[in-house]
Amino acid sequence: MRLREILVPEFDLGMTLNCGQVFHWQKHGRGFTGAIAETPTYVEQEGHLVRFAGIDAKELAHYFAFDHLLTEICASFPKDAALQTARQFCRGLRIIRQPKWECLATFICSSMKQLGHIRQISLSLRKRFGTARKICGQQVLLFPPAERIADASEKELQESALGYRAKNLRATAQQIASGAVDLASWSGLSDLELHDRLCALPGVGTKVANCVMLFAYERIGAFPIDVWIERVLREKYFAQRQSATKKELAKFASGYFGAYGGYAQQYLFHYARTAGKQKREDSSSVSRC
DNA sequence: CTCCAGGGATGAT
DNA sequence: ATCATCCATGGA
């Protein structure tokens with residue numbers, strides 16, 4: 001298949017797909033295969049050049065948020081050492097625009113799971129319930145629609161290693177399939193109202209709601225606090241006040257990091273996970289030698 | 001406010 | 001081959 005190409009400054013495809021915001025892209029050759037909504041897509045990067053197949057340039061640009069002005073976003077950040085280091089490390093990482101149901105379902109499954117495991121759950125759900133398509137001779141499995149999950153039995157869902165999440169995923173899928181909930185219609189809600197509506201869904205609490213707001217509703221200020229971010233906040237910003245509650249951390253974060261807090265969060269998160277791991281591997285290999 | 005079930009992979013011994 | 005560790009939600 002012939003690849004088309006566009007020029008995108010300030011973009012790191014690999015980091016964007018592997019930073020824990022999306023879980024279905026597979027490494028293939030020098031790029032990645034996956035689906036953008038229902039469209040099987042291949043995408044690779046060489047310097048500032050992005051080559052792709054299967055999808056419109058416009059849809060690709062929308063999904064990967066090539067319109068986000070990273071320079072301006074970073075310039076708006078507070079100038080503390082932790083965030084400056086993280087943003088250097090995460091240069092080119094973009095918060096993408098995911099389909100709402102797919103994002104919601106994936107993050108319901110993500111609770112109490114690590115990134116690798118969330119990938120496996122996503123793959124298992126797509127294998128069992130999703131439609132198979134092809135791009136560049138490679139199979140791509142679409143994320144199953146809510147109707148398909150709603151029709152599955154809890155037992156079937158359990159076979160994707162969902163544990164107690166199966167019940168929540170199914171209950172939420174049923175609300176969507178029945179029409180009681182229309183995710184698209186929530187786009188116009190205020191941040192607060194959207195957060196409340198999401199939290200009313202089974203299996204969705206503050207953290208998952210904030211992830212969905214950030215990754216599917218373009219609420220770039222949303223600041224999900226998981227254990228990694230909580231650790232970073234306590235170490236770097238609350239060193240004197242270890243007694244601070246999670247609520248206080250959230251309040252601080254939403255004020256301190258500004259309108260693009262979600263970007264700050266993702267950069268701090270990815271740096272803490274990736275650089276932290278490298279440090280651990282380095283020191284363990286040193287001690288072995 | 002605090003405590004804790006819950007499950008499956010992954011990493012350490 | 002066992003044992004500890006990772007983790008968000010929801011209910012007590």
Side-chain angles (χ1 to χ4, degrees), chain A residues 18-24 26 98 102-128 149 152-176 181 194-216 222-235 238 241-254 262 265-266 268-289:
Chain A
N18 287 316
C19 70
Q21 61 177 326
V22 65
F23 302 94
H24 75 271
Q26 303 276 358
Q98 296 183 47
E102 176 183 322
C103 181
L104 172 63
T106 308
F107 278 93
I108 286 174
C109 299
S110 80
S111 90
M112 292 286 284
K113 293 287 182 193
Q114 282 135 301
L115 302 196
H117 199 191
I118 300 166
R119 285 182 167 284
Q120 290 179 36
I121 289 174
S122 165
L123 179 61
S124 176
L125 285 174
R126 285 179 289 116
K127 268 187 181 159
R128 247 166 240 276
I149 299 292
S153 69
E154 205 179 306
K155 199 169 201 168
E156 280 180 283
L157 293 172
Q158 292 284 5
E159 287 164 20
S160 291
L162 267 70
Y164 62 88
R165 298 158 201 81
K167 202 174 193 165
N168 293 331
L169 181 63
R170 185 158 178 271
T172 292
Q174 282 173 338
Q175 289 191 33
I176 292 165
V181 163
L194 177 59
H195 187 270
D196 283 354
R197 298 278 184 104
L198 287 167
C199 284
L201 297 170
V204 181
T206 305
K207 194 271 179 180
V208 171
N210 277 319
C211 285
V212 176
M213 288 173 70
L214 180 57
F215 301 134
F223 197 98
I225 299 181
D226 73 324
V227 290
W228 288 90
I229 286 297
E230 183 169 351
R231 235 174 265 152
V232 171
L233 290 177
R234 287 190 190 283
E235 268 177 37
F238 282 78
R241 301 194 35 223
Q242 286 302 309
S243 61
T245 64
K246 225 172 163 176
K247 217 170 190 169
E248 289 174 299
L249 296 181
K251 196 179 169 194
F252 163 79
S254 68
Q265 181 273 349
Q266 201 60 28
L268 290 168
F269 174 83
H270 185 62
Y271 178 72
R273 289 194 73 259
T274 314
K277 195 196 272 178
Q278 275 169 7
K279 221 190 287 174
R280 248 177 279 144
E281 279 164 7
D282 289 350
S283 59
S284 63
S285 62
V286 165
S287 65
R288 236 179 267 131
C289 296

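Numbers restart at 1 for each chain; the letters A, B, ... are given by sequence-line order, proteins then strands.
Between A:Leu162 and A:Glu154, every side-chain heavy-atom pair lies at or beyond the 4.5 Å cut-off. Counting heavy atoms from C-beta outward, A:Phe23 and A:Leu115 have side chains that approach closer than 4.5 Å.
At the heavy-atom level, A:Thr206 lies under 4.0 Å from the strands shown only through sugar-phosphate atoms. Across all strands shown, A:Asn168 has no heavy atoms under 4.0 Å from either base or sugar-phosphate atoms.
Closest approach to the A:Thr245 side chain among C:dT9, B:dC1, B:dG8 is made by B:dC1 (side chain taken as heavy atoms from C-beta onward). Distance from the side chain of A:Trp228 is smallest to C:dC7 among B:dA9, C:dC7, C:dT9. With B:dG7, C:dC7, C:dT9 as the candidates, the nucleotide lying closest to the side chain of A:Val208 is C:dT9. The side chain of A:Met112 sits closest to C:dC7 out of B:dA9, C:dT9, C:dC7.
Looking at which nucleotide of DNA chain C each of A:Cys199 and A:Val227 is closest to, the 5′-most match is held by A:Val227. Comparing A:Gln120 and A:Ser111, the nucleotide of DNA chain B nearest to each residue sits closer to the 5' end for A:Ser111.
In this structure, the CD1 atom of A:Ile118 is 14 Å from the P atom of B:dA9, given to the nearest Å. The NZ atom of A:Lys113 sits 16 Å away from the C1' atom of B:dG11 (whole-angstrom rounding).
Between the side chain of A:Thr172 and the backbone N or O of A:Asn168, at least one donor-acceptor pair lies under 3.5 Å. Under a 3.5 Å cut-off, the side chain of A:Gln266 and the backbone N or O of A:Gly20 do not form any donor-acceptor pair.
Figure legend. C:dG11 is base-paired to B:dC3; pairs are counted as Watson-Crick or G-U wobble with both atom distances under 3.5 Å.
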